[in-house]
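If you read the sequence from its start, that first residue is 1, and numbering goes on from there. This one's a predicted model, so the numbers in the text were calculated from it and none came from an experiment.
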Amino acid sequence: MISALPAPTRTLLLNGGSAEQKRHELLTYFTQTWTLYESLFECLANEQAYYTRAITLRHPLIFYFGHTATFYINKLIAGGLIDSRVDEQIEAMMAIGVDEMSWDDLDTGHYQWPSVSRLRDYRSRVRTLVEKLINEMPLTLPIGWDSPAWIILMGIEHERIHLETSSVLIRQLPIGEVKPQPAWPICPDARQQRADVPANRLLDVAGGQVVQGKTDETYGWDNEYGRLVSDLAPFKASQMLTSNAEYFEFVADGGYQDNRWWDEEGSGWRDFARATMPTFWRGSPDQPGSLTLRLMTEEVAMPWDWPAEVNQLEAAAFCRWKAEKTGQRVQLPSEAEWLLLRESVPGDQPDWVETPGNINLAWWASSCPVDRFPQGNFYDLLGNVWQWTTTPINGLDGFKVHPLYDDFSAPTFDGKHALIKGGSWISTGNEAIKSARYAFRRHFFQHAGFRYVVSTHQEKSVVNPYETDGMVSQYLDFQYGPACFGTENYSKTLVDIACRLTDRRGSALDIGCATGRASFELAQHFDSVTGMDYSARFIDVALQLARGETFRYAIQEEGDLVALRQVNLSESGLAGEQAGRVHFVQGDACNLKPQPDRYDLVLASNLIDRLRQPARFLHDITQTLRQGGVLMISSPYTWLESFTPKENWLGGIRENGEALTTYQALSRLLAADFEEIAAPQDVPFVIRETARKYQHTVAQLTVWRKR
């Protein structure tokens, strides 16, 4: 067992004991998580390893070293628990990571990363701040979504997720940039001969009803809540996870070369990656005795009885091959089938006396033999490696987005993210409980393998389902839907005005872009366009449209009745190469990354009165404009304390007893750097709420040129 590290601890219960006891538990859980995460980075051999990109689809590890700390600050500010930042530059640069949309979506961004020592100092300051907050914040039990403690738990569990994902990136670094650590020992048990590996076999599983939906008293991500009932027919399941030895049979039989076993997505990834065997295998499959396995910090002789670690596309190809060989309907299990198997393991993580499998960092910092941990009649129903399923993640009935982390789950509800179940050796905290629901793109590598089933279950195809999130649907209809009451499309109108007032058409920024209509309109006239929004849900929709996909959504008619509509750029005359000029990013308008003298045009529509610090936005956005660049601000000036603290309102207030309008405040704040180049004008727009209820609004547009 791992003994050099602090105990990784079990997921904190939300109730039980007194508030002060819970405060102590929360502080312990926080500090142990923090220490554990920093210990992982001691596996890097030198500082250069922090800056090496292990894979092109992810930032280097320096980002993740800082990211988990910035997450606390950004969420605490969003939740109103603190009102000032620790390091604005770090918190802007390290707020949002790279989540590739496809296996060939290469991120080519260049960043001026801070030094390791600066980040260590930053992390120390954040730790002190959070510990002080835990000691002083109000705390009542049970801890709920609206509790300050929930935000702290969100940060803790977020860091535990990155404990695992960062370990995968370390595993993908060049071997010379990592070093073994006594605190992270590998399992010493391994069979070196394939003939010594026990044969896998299928066991009967009685069908039954599975009820999903989190009911335990632990922290949960929003996708865990709700309810889903599934009735399962009897099926068979492999007693063990698929071992390296068993998977080698597929490799040796030419499985990676035979297109029969790969679907379109799988063959596309295989050809792009030039894969001939699992990613973490080293050597040549033609000489199996020479094969080694890359672990997190070292390579070892192939442990044939450890689980094969592959992505979902590889696991599915193996199952098709196995089905052909056996004449049975071999496939990956569904989420519900795995949950039925999971019932063989009594209890859950908070109740364990001894950890029943290779999970929660209770045993080793690596996989172990697939027959090491019996759990009922099976082995490794939980632990060792994550287990791929056929099920694309979606919300359970009654799913609600947590308002402080709207981009955790909803962007993955696209039919392209498959659920993984059971946890791996490094899965701790929420990852190690029964109700956990995590999903990745099917080409993604995690510490993940698979078991297979023989089942009549047929997974429903979920491809671009109708969006039912009310805000997303409303904005889609506002930006791409039919004109209402003869009012022209708001985004197109603003861009038409922009084109009349700008001479230089190099780069443009559409900040607060929502689902991207103005960005696509600008791309018809500008060489490059950046569309930025705080909401990952909006950005995900815009990215799908940019890829040429048709996006479907439901809008309310009356009561429970809805109408179904769809959007495609071609229907709006925005398709073609121009759409490729738009780069969509998630970003905070009150915490912009430094990007001086970059844009010829900045369009901020319906944004200024929705910011917590509008004056700061005006200051920062000024730096992004080139000399002679144009700033367009369009807003109905609907100031609300739910968005902007009243002391930060620009207008709609009395100053020294006199009325101060937003236009007057803008004129004052922008006077030093801008000249107004057009008289303010009214631009109306209409937002549909239901079939018989619409919002008719008149925004004021002001246009300014940087001196």
Side-chain angles (χ1 to χ4, degrees), residues 6 8-9 12 14 19-41 50 61-97 113-140 143-163 166 219 402-405 408 428-430 534 587-588 590-594 612-613 616 620 645 647-648:
T9 71
L12 195 69
L14 303 177
E20 289 312 303
Q21 287 174 322
K22 193 61 60 180
R23 190 186 304 276
H24 175 73
E25 292 174 11
L26 186 60
L27 183 60
T28 299
Y29 195 38
F30 167 75
T31 56
Q32 290 187 326
T33 302
W34 194 274
T35 302
L36 185 63
Y37 190 68
E38 292 190 343
S39 170
L40 179 71
F41 286 82
Y50 281 87
L61 281 157
I62 190 68
F63 169 85
Y64 298 98
F65 188 56
H67 171 64
T68 57
T70 67
F71 183 91
Y72 280 103
I73 301 303
N74 289 325
K75 295 307 178 189
L76 291 171
I77 285 178
L81 296 186
I82 60 175
D83 56 11
S84 61
R85 296 193 167 276
V86 175
D87 188 312
E88 295 179 357
Q89 185 181 38
I90 287 176
E91 285 148 13
M93 180 178 293
M94 298 190 168
I96 301 165
W113 300 114
S115 67
V116 176
S117 61
R118 180 181 170 191
L119 272 187
R120 287 196 179 113
D121 176 70
Y122 173 78
R123 285 184 60 87
S124 177
R125 286 185 287 157
V126 172
R127 176 175 180 166
T128 299
L129 183 153
V130 176
E131 288 176 342
K132 184 175 186 293
L133 185 61
I134 292 172
N135 284 320
E136 297 177 357
M137 68 185 180
L139 180 62
T140 57
I143 298 170
W145 269 28
D146 297 329
S147 168
W150 193 272
I151 303 177
I152 301 298
L153 282 169
M154 182 181 286
I156 293 171
E157 297 295 351
H158 171 262
E159 188 159 57
R160 286 180 176 266
I161 292 173
H162 281 291
L163 176 73
S166 295
Y219 175 89
H402 194 288
L404 288 182
Y405 202 175
F408 182 81
T428 64
N430 172 272
Y534 187 79
D588 184 350
C590 291
N591 191 25
L592 293 170
K593 295 180 181 179
R612 61 185 179 275
Q613 296 174 296
R616 173 178 174 168
D620 291 350
E647 62 269 21
N648 293 341

Please report the shortest heavy-atom distance between Y64 and S166, naming the atom on each side. CB-OG, 3.7 Å

NZ of K593 to CG of N591: how many Å apart, nearest 0.5 Å? 10.0 Å

Can you name the residues that form a side chain to side chain donor-acceptor pair (under 3.5 Å) with R118, not counting sequence neighbours? D87, Q89

In the structure I gave you, are the side-chain heavy atoms of I73 and V130 within less than 4.5 Å of one another anywhere? no

What residues form a side chain to side chain contact (heavy atoms under 4.5 Å, CB included) with T128, not counting sequence neighbours? none

Might you point out which heavy atoms bring A95 and F63 nearest each other, and give the distance in Å? N-CE1, 4.5 Å

Heavy-atom pair with the smallest gap, counting every atom of L40 and L163: CD2-O, 3.3 Å

For the residue pair Y50 and F65, does the interplanar ring angle fall in the parallel (under 30°), tilted (30 to 60°) or perpendicular (over 60°) class? perpendicular

Listed by chain and number, what are the side chain to side chain donor-acceptor pair (under 3.5 Å) partners of N135, not counting sequence neighbours? none

Partners meeting side chain to side chain donor-acceptor pair (under 3.5 Å) with S84 (sequence neighbours left out): none

Would you please name every residue forming a side chain to side chain contact (heavy atoms under 4.5 Å, CB included) with N648, sequence neighbours left out? Q613, P614, T644, P645

Going by the side chain to side chain donor-acceptor pair (under 3.5 Å) test, which pairs reach into residues 70-83, not counting sequence neighbours? N74-R85

Is the closest side-chain heavy-atom distance between E20 and R23 below 4.5 Å? yes

Who are the salt bridge (charged side-chain N to carboxylate O under 4.0 Å, His left out) partners of E647, not counting sequence neighbours? none

Kindly state each residue pair satisfying side chain to side chain donor-acceptor pair (under 3.5 Å) with at least one member in residues 150-159, sequence neighbours excluded. Y29-E157, H67-H158, T68-E159, R123-E159, H158-H162

What pair of heavy atoms forms the shortest contact from A69 to W34, and how long is it? CB-CH2, 3.8 Å

Going through the distances and angles, do L153 and N430 end up as a side-chain contact (heavy atoms from CB on, under 4.5 Å)? CA-CA 10 Å; L153 282 169; N430 172 272; over 6 Å; no

Locate the shortest heavy-atom distance separating P114 from I90; write the atom from each residue and the value. CG-CG1, 4.4 Å

Begin with the C-alpha distance, continue with both residues' side-chain angles, and end with the deciding distance and a verdict on salt bridge (Lys or Arg N to Asp or Glu O under 4.0 Å) for E88 and R616. CA-CA 12 Å; E88 295 179 357; R616 173 178 174 168; 3.3 Å; yes

Euclidean distance, M94 CE relative to Y122 OH, rounded to 0.5 Å: 9.5 Å

Residue set satisfying ring pair (Phe, Tyr, Trp, His ring centres under 6.0 Å) with Y405, at least two apart, ordered chain then number -> F71, W221, F408

Do the side chains of T428 and T33 get nearer than 4.5 Å, heavy atoms only? no

Listed partners of Y534 passing side chain to side chain contact (heavy atoms under 4.5 Å, CB included), at least two apart: A78, D588

Ignoring hydrogens and angles, tell me if any N or O in the side chain of T31 forms a donor-acceptor pair with the backbone of L27 under 3.5 Å. yes

Which residues pass the side chain to side chain donor-acceptor pair (under 3.5 Å) test with S124, not counting sequence neighbours? none

Please report the closest heavy-atom contact between I77 and R612, naming both atoms and the distance. CG2-NE, 3.6 Å

Rounded to the nearest 0.5 Å, how far does NZ of K132 lie from CD1 of I82? 11.5 Å

Determine, stepwise, if the pair L76 / L129 fulfils side-chain contact (heavy atoms from CB on, under 4.5 Å). CA-CA 11 Å; L76 291 171; L129 183 153; 4.1 Å; yes

Distance check, rounded to the nearest 0.5 Å: I143 atom CD1 versus K22 atom NZ? 6.5 Å

Once rounded to the nearest 0.5 Å, what's the spacing between atom CG of L26 and atom CD1 of I152? 6.5 Å

Run the ring pair (Phe, Tyr, Trp, His ring centres under 6.0 Å) test against W113 and tell me which residues pass, sequence neighbours left out. H59, Y111

